[in-house]
Protein chains: 2
Amino acid sequence: MGFAETFKALSDPVRREILEMLKKGQLSAGEIGSHFDMTGATISYHLSILKKAELIKENKNKNFIYYELNASVVEEVMLWLSDLTGGREDNEGK
Amino acid sequence: MGFAETFKALSDPVRREILEMLKKGQLSAGEIGSHFDMTGATISYHLSILKKAELIKENKNKNFIYYELNASVVEEVMLWLSDLTGGREDNEGK
DNA sequence: GAGGTATTTAGAAATTTTTCTAAATACCTC
DNA sequence: GAGGTATTTAGAAAAATTTCTAAATACCTC
């Protein structure tokens, strides 16, 4: 729930790429990992950061763990950013 | 222009607080620094990160350097986030 | 339950980030 | 231009992050 964790999670390129992969739907840890030139342990580490930030949710099925985007936290971040730029008057001349 | 720099800049709590201070208008480096329990050198470091990420602009006036928010980069970040959650169909039940 | 696949955890090394102190730069006023 | 204030730069220490290898856990199938 803290922005610290959320923005920190978003600050790594690998984790942003994982989030982009999950746009189209859920994927298993293994499927995610096979898109990167890194060990499964490293991918697992990144997934744990995203999970702690609640940017993704997991659901286990058989021998796999599937990950999917958690849109609501992304929306909270957008609200924070929107509040940053809104509330100004001298923004109109672009 | 890269999201790496931008999100990294946003990932630090001090820098997010600086951005929030700038919501109301521009402030000098000294004014920003006096709100934190840190040396001016450290504040200068954080400002340099925000500047590199183009989240703030500076304008010099007399003996002061004033900083202000750069809304356009914030908006680019919001677009990226919006694209992440948009494009899904199973987002409606909530 | 034995063996197999999927994923995570632990521990360590390399890199990056954050902060400080001290010194440098810049520009202003007299 | 001398002295003063505002800010940045340099260099170093401490802390956090990212990655790996090796081992552990979890759960599935036969």
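Letters go in sequence order (proteins before strands), and every chain restarts at 1.
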Hydrophobic cluster (4.5 angstrom, side-chain heavy atoms) - remaining members for B:Tyr66: B:Phe64
Pairs flagged by side chain to side chain donor-acceptor pair (under 3.5 Å) wherever residues 28-38 of chain B is involved - sequence neighbours left out: B:Ser28-B:Glu31
Pairs where residues 39-50 of chain B contributes a residue and the test side chain to side chain donor-acceptor pair (under 3.5 Å) is met, not counting sequence neighbours: B:Arg15-B:His46, B:Thr39-B:Thr42
Inter-residue atom distance A:Gln26.CD - A:Asn61.CG, 0.5 Å rounding: 8.0 Å
Could you state the atom-to-atom distance from [atom1] of [X] to [atom2] of [N] in whole Å?
{"X": "A:Phe7", "N": "D:dT17", "atom1": "CZ", "atom2": "P", "value": "16 Å"}
{"X": "A:Leu47", "N": "D:dT17", "atom1": "CG", "atom2": "P", "value": "17 Å"}
{"X": "A:Arg16", "N": "D:dT17", "atom1": "CZ", "atom2": "P", "value": "16 Å"}
{"X": "B:Glu17", "N": "C:dT18", "atom1": "CD", "atom2": "C1'", "value": "16 Å"}
{"X": "A:Ile43", "N": "D:dT18", "atom1": "CD1", "atom2": "P", "value": "12 Å"}

C:dT7 OP1/OP2 closer than 4.0 Å to side-chain N/O of A:Ser28: yes
Distance below 4.0 Å between A:His46 side-chain N/O and D:dT19 OP1 or OP2: yes
Sugar-phosphate only, base, or nothing, as touched by B:Ser48 at under 4.0 Å among non-hydrogen atoms: nothing
Touch class at under 4.0 angstrom, heavy-atom based, for B:Tyr67 against every strand present: sugar-phosphate
Identified stems (criterion: three or more consecutive Watson-Crick or G-U pairs, under 3.5 Å), DNA chain C: C:1-30 with D:1-30
Where protein sits on nucleotides 20-30 of chain D, one letter per nucleotide: B base, S sugar-phosphate only, - none, heavy atoms under 4.0 Å: BBB----BSS-
Those residues that, when tested against B:Ile43, pass side chain to side chain contact (heavy atoms under 4.5 Å, CB included) (two or more places apart): B:Ile32, B:Phe36, B:Met38, B:Leu47
I'd like to check the side-chain hydrogen bond (donor to acceptor under 3.5 Å, both in side chains) partners of [X]; sequence neighbours left out, ordered by chain and number.
{"X": "B:Lys57", "result": "none"}
{"X": "B:Asn70", "result": "B:Ser72"}
{"X": "A:Ser11", "result": "none"}

ring-ring contact (aromatic ring centres under 6.0 Å, His included) pairs, two or more places apart, involving residues 6-30 of chain A: A:Phe7-A:Trp80
Positions of residues 29-36 of chain A (non-hydrogen atom under 4.0 Å from DNA chain C), listed by number: A:Ala29, A:Gly30
Which residue lies more 5' along DNA chain D, comparing B:Tyr45 with B:Lys8 via nearest heavy atoms: B:Tyr45
Test applied, side chain to side chain contact (heavy atoms under 4.5 Å, CB included); reference residue, B:Leu55; option that passes from B:Ile18, B:Val74, B:Ile49: B:Val74
Minimum-distance nucleotide (side-chain atoms of A:Ile65 versus C:dT7, D:dT7, D:dT19): C:dT7
B:Asp12, nearest nucleotide to its side chain (from D:dT8, D:dT7, C:dT18): C:dT18
Pairs where residues 41-51 of chain B contributes a residue and the test salt bridge (charged side-chain N to carboxylate O under 4.0 Å, His left out) is met, not counting sequence neighbours: B:Lys51-B:Glu58
